[in-house]
Every structure is written in structure tokens, then in C-alpha cells.
Amino acid sequence: MTPEIISKLFPNPLPSIADIEAKYPSRNLQAGQKVTRVAPSPTGWMHVGGIYAGLISERIAHQSGGVFFLRVEDTDQKRKVEGATEIICNSLARYGIIADEGVDVNGKDFGPYGPYTQSERKDIYQAYAKKLLEEGQAYPCFCEPTDLDLMRKIQEKQAQRPGYYGKYAHCRKLSDEEILANLNAGKPWVLRFKSNGDSNKRMLIKDLLKGDINMPENDLDIVILKGDGLPTYHFAHAIDDHLMGTTHVVRGDEWVSSVPLHIQLFVALGWKVPKYGHCAPLQKLDNGNKRKLSKRHDPEANIKFFWEEGYPEVALIEYMYNLINASFEDWRRTNPDKPAFDFPLNFNKVSNTAGALFDFQKLHSISKEVVAKMSAEEVFNAVLTWATEYNPAFAKRLADNKEYITAILNIERNIGKKSRKDIVKWSDVENDIAYFFDDTFTCDLSAFTEELHISVDEMKEIAKEFKAVYSKDDDKNVWFGKIKEIAEKHGFATDMKAYRENPSAFKGSISDVANVLRICITGRTQSPDLYQIMQLLGTSRL
Ligand code: GLU
């Protein structure tokens, strides 16, 4: 390509390659230290899979004592949404996925390898594009969308592979004179990479997460610089991950088929190829079939869903660990009190490379365990923080009744394995504790007659009798003794063995009588410890 063409394509002064490389010295890594990154596009929301992939990346770096950074990939200006970087930063930080370098909530850079926002790196991409052009590894393409459409149609008709390659790579064959004439005529252009790959040859890719993959070489002359002067993902990936010293690229597996191209770009630019790991998207069961969690159909694809519902952050992270390595569960059992981030993730053992199934039941059981380990104060504060944002009326109730609600949350808490495990997420709590407040307490005794085989009148009678003997000063044994007496009087078994051997000899068992009291006081058959509830609520409802 003649200097005249090159200067017409890049009329503005660009930094020299030597200056750029000097600005991004290679990182001084100790043996084994790894550098990874998350590189989300600011399109307005964060996919729950972004947290999953972000966690894997962060762990790979930090477990090795290396560096984890955040890069904002905004080269697709049409998809860019205001405030999206803030959402990304907040989402990651919320789950403890903390970058050592990158962009902060306010869009400001921190760290020595910036700028970390791609749209601010235009000159750098252009400088390398110009270099490839000078070396004959790139060329301008003047094909218009209609030309490319026509090409696609011909390829389709002739059952050929789609794409800009071989005989279809029209502008690859343009002479300098033709290029110059096009430029002089003011024709718009993009820059294409001149691939030297052969699609009949295959290459072995060693993927960190998927294992060995055999793929054909790339022979497509892909666009590296778009009409707006910004790079495509492929070109920006190679340049940024080289300059920023990424050793391990972990990303979604929609990019796995581009690895041969990416390797080619690194080689063409004379750089060391990073290691790749591709994460399959999270799946969900839909009518018995596994499918990708979809942005359009599944609210839980958006991380905001977990905030709105009030899932504890630790629970989601523990659940993700579980998805990544099935051995997490055993580790958790032997290390019940360690933070999840202490679990040594094994990247050779990522479960379900075909796509981990997002299983709410499992998340819920993990979340119950997580909440069970928190103190009443911690639960109270977490619920208040959640409610302040998502349920202001409930937030007011919490703030106005701090002591009382903390005491409610303290029922059956901090008693080891037997601690209550009824709370999954913060949005559950309003309903869970509703019966502790007269204005939200409801009870319809007749709804339980069938289940308990006790008439409403008898329920009322039992309640009345218990109320007459109840004393707040009774310890739990005395309290229970009083229930026992009433049970016996009404013909309910107090000896469970005798009851099991001959149930028809009794109206029911003592647990039915306790349940009557429970229903009268809470309006439900399931509740934490009734003795402790009565300590708080007394017997006014009996
Ligand atoms: N910006 C790319 C995306 O959001 C990131 C891929 C990568 O991590 O390299 O898909």
C-alpha cells in the first residue's frame, strides 16, 4: 500500500507504536500469577451470567496473587446506554467481585493500564490498524451493505460458507490505483484483516473451561476498523488484552468460534496469545427442556431481579461456587464458618461445561443456610437496607420497631444446626413476621378444621383454657406441661408412642393441640418456636 493511500486513510497524527508499547510495559508477574479481566459492554443491564463469569475471572486472578481488572467495551456506540457502567460496577462490587484496576462507578479510571474504556482508546486501535496496513496485513474495503447482501445470497444459493473470504473477498484484490480512486471519490471504507488462514486446516485449542477443541483455521477477512473509526470487538480484544497484560481471557462461549481468528490477530501483531476459557451460558429448565436463560423471557437473567427479591449476596455467590465446582458443597460442610471466597476454585473441574442449570431450589436451600448463620441484628439490617429501596412502607415498620423485630428475628437463632431456616430472601420477611402485628394478622379458624379434625368451638375452648393458665414467667417445660394437661383433658394423646400404636383411640395428638394454639396466635400451622412467640406476643389472641 502506498504512503499516499495510508495517509489518506489515516490523515491525523497517531501515537507511535513504540510510544504505546512504552506506556504499557509488561507486568512484572511472579511465576504463576495470572491477569484476568471482565469486559462487559455497557448496554444497560447486567446478566446474572456476567456475575458468574466475573467470579471465575476474579478467582483465577486473585487465587494466583495476580491482577483482575474491569474494562468497559463500548465500541458498539449504538448499543451504549447511559448509566450502564454504573450498573456494571455496582453489580460486581455488590458480590465482592472487586477489580484492582479499571473503571469505577463514576466512569473514572483507576490503575496504570488505562484508559479502561474502549471508546477512549481510538488512537491506539488506529495506530495498530495503520501498522497492519503498512505491513500488508490489512486493507481498506469499500463494499457497501448491498454488495455484502448480494454476496451472502450467492453464497447461500451455492451452498457456500458465508463470509468475506477467498474469491468473495472482493476488495482484497483492489489495486493501489483503484483504492486511491475510491478514496478520492469519497467512498466510505472499513479496514479488513488480511487472513492467511486455510479453512481446510484444523487447529487444536486448549480451552481452560471446555478442554480441547478442534477447530478450522480462520480464513475470513474480518473487519477490524469500522466506518466510525472504532475497532470491532475482535481487534480491540487483541490490542487491549495484549497492552493490559491479560494472561487468561475468560468470557462467554459465544466467542469460542472466534478463537482461531483471535489467535491469528495476536500472531499478526507479534504478540503472545493469552489462554482462553469459555463459559457456557447459564441454563434453565423450561417444560422439562434445558434452554439458555433469556434476557427477554426470564426476569432472573437480569441481576436486578435478585436485588428486588432481596437474595442475600453471599447466597448467590455461594450458589455460583456450587455451580462452578460441585465439590464446594463438601468444602462448605467441613468449613462452615469460612467466607466462600476462601474456597479454592478448581478451573480444571468446572462442572457442566455445556451450561450450568440455574436451579432456584438449590439457591433457596443455600440461602436459608446463609441467613440461618446471620445474627438477628445482621438480618434486621439487611432487611432494612433492602426495604428502604424496594418496600418503603415495610422499611418504616422496621425502623419504628427495631427492637421488637430484632427480637422476632432472634427466635431460634444462634443455636447451631437447629437455627431457624425459614428465611430465603429479604422480601419474604414482611409476610413471615406479619402475624406479629395486629394490623397484618389474620386468622380463619374454620380453614383448619379439616386438617386438624377439630371443630372451631373446640379450638376456641382449648385456646380459652390455655389462656387461663398461661404465665409469661413459665419456663418452656412448665409451659409445655400446661398444654399437655389440656391435651389429655380433651382426649388427645400425649404419649406419641401410644398414639402411633393406636391412633383411633385418640382425637389426635398433643401436637394438634399445640397447633391449635399456634393457629390462634399466628394464623398458620408453620411458625418458629411457639413458646418464644408467646413470650413476645402474649395470649391476647387466645
Ligand atoms: N464485551 C464483550 C461482551 O460483552 C466481552 C467479551 C470478553 O470478555 O472478551 O460480550
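In each ligand, atom 1 is the first atom listed, and ligand 1 is the first ligand listed. This chain uses plain numbering: 1 for the first residue, then up along the sequence.
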For [atom], what is the closest protein heavy atom, and at what distance to 0.1 Å?
atom: atom 10 (O) of ligand 1; value: Trp255 NE1, 3.3 Å
atom: atom 5 (C) of ligand 1; value: Ala39 O, 3.0 Å
atom: atom 4 (O) of ligand 1; value: Ser41 OG, 3.4 Å
atom: atom 8 (O) of ligand 1; value: Arg37 NH1, 2.8 Å

When the aromatic ring centroids of Phe358 and Phe306 are compared, is their separation below 6.0 Å?
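So the answer is yes for these two rings.
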Proximity of Tyr116 and Phe110 rings by center, below 6.0 Å
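Ring-ring flag for Tyr116/Phe110: false, centres at least 6.0 Å apart.
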Under 4.0 Å from any heavy atom of Glu73, which atoms of ligand 1 are there?
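By the 4.0 Å cutoff, the relevant atoms are 1 (N), 2 (C), 5 (C).
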Considering distance alone, does some N or O of Tyr233 sit under 3.5 Å from an N or O of ligand 1?
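Yes, since at least one N or O of Tyr233 sits under 3.5 Å from an N or O of ligand 1.
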Cation-pi check, Arg37 to Tyr113: give yes when NZ or CZ is under 6.0 Å from the six-membered ring centre and within 45° of the ring axis, no otherwise.
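No, cation not above the ring by the 6.0 Å, 45° rule.
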Could you pull out the closest heavy-atom pair between Thr75 and Leu230, with the gap in Å?
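What the structure gives for the nearest pair is O-CD1, 3.8 Å.
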Would you call Glu217-Lys201 a salt bridge at under 4.0 Å N-O?
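No, Glu217 and Lys201 are not salt-bridged.
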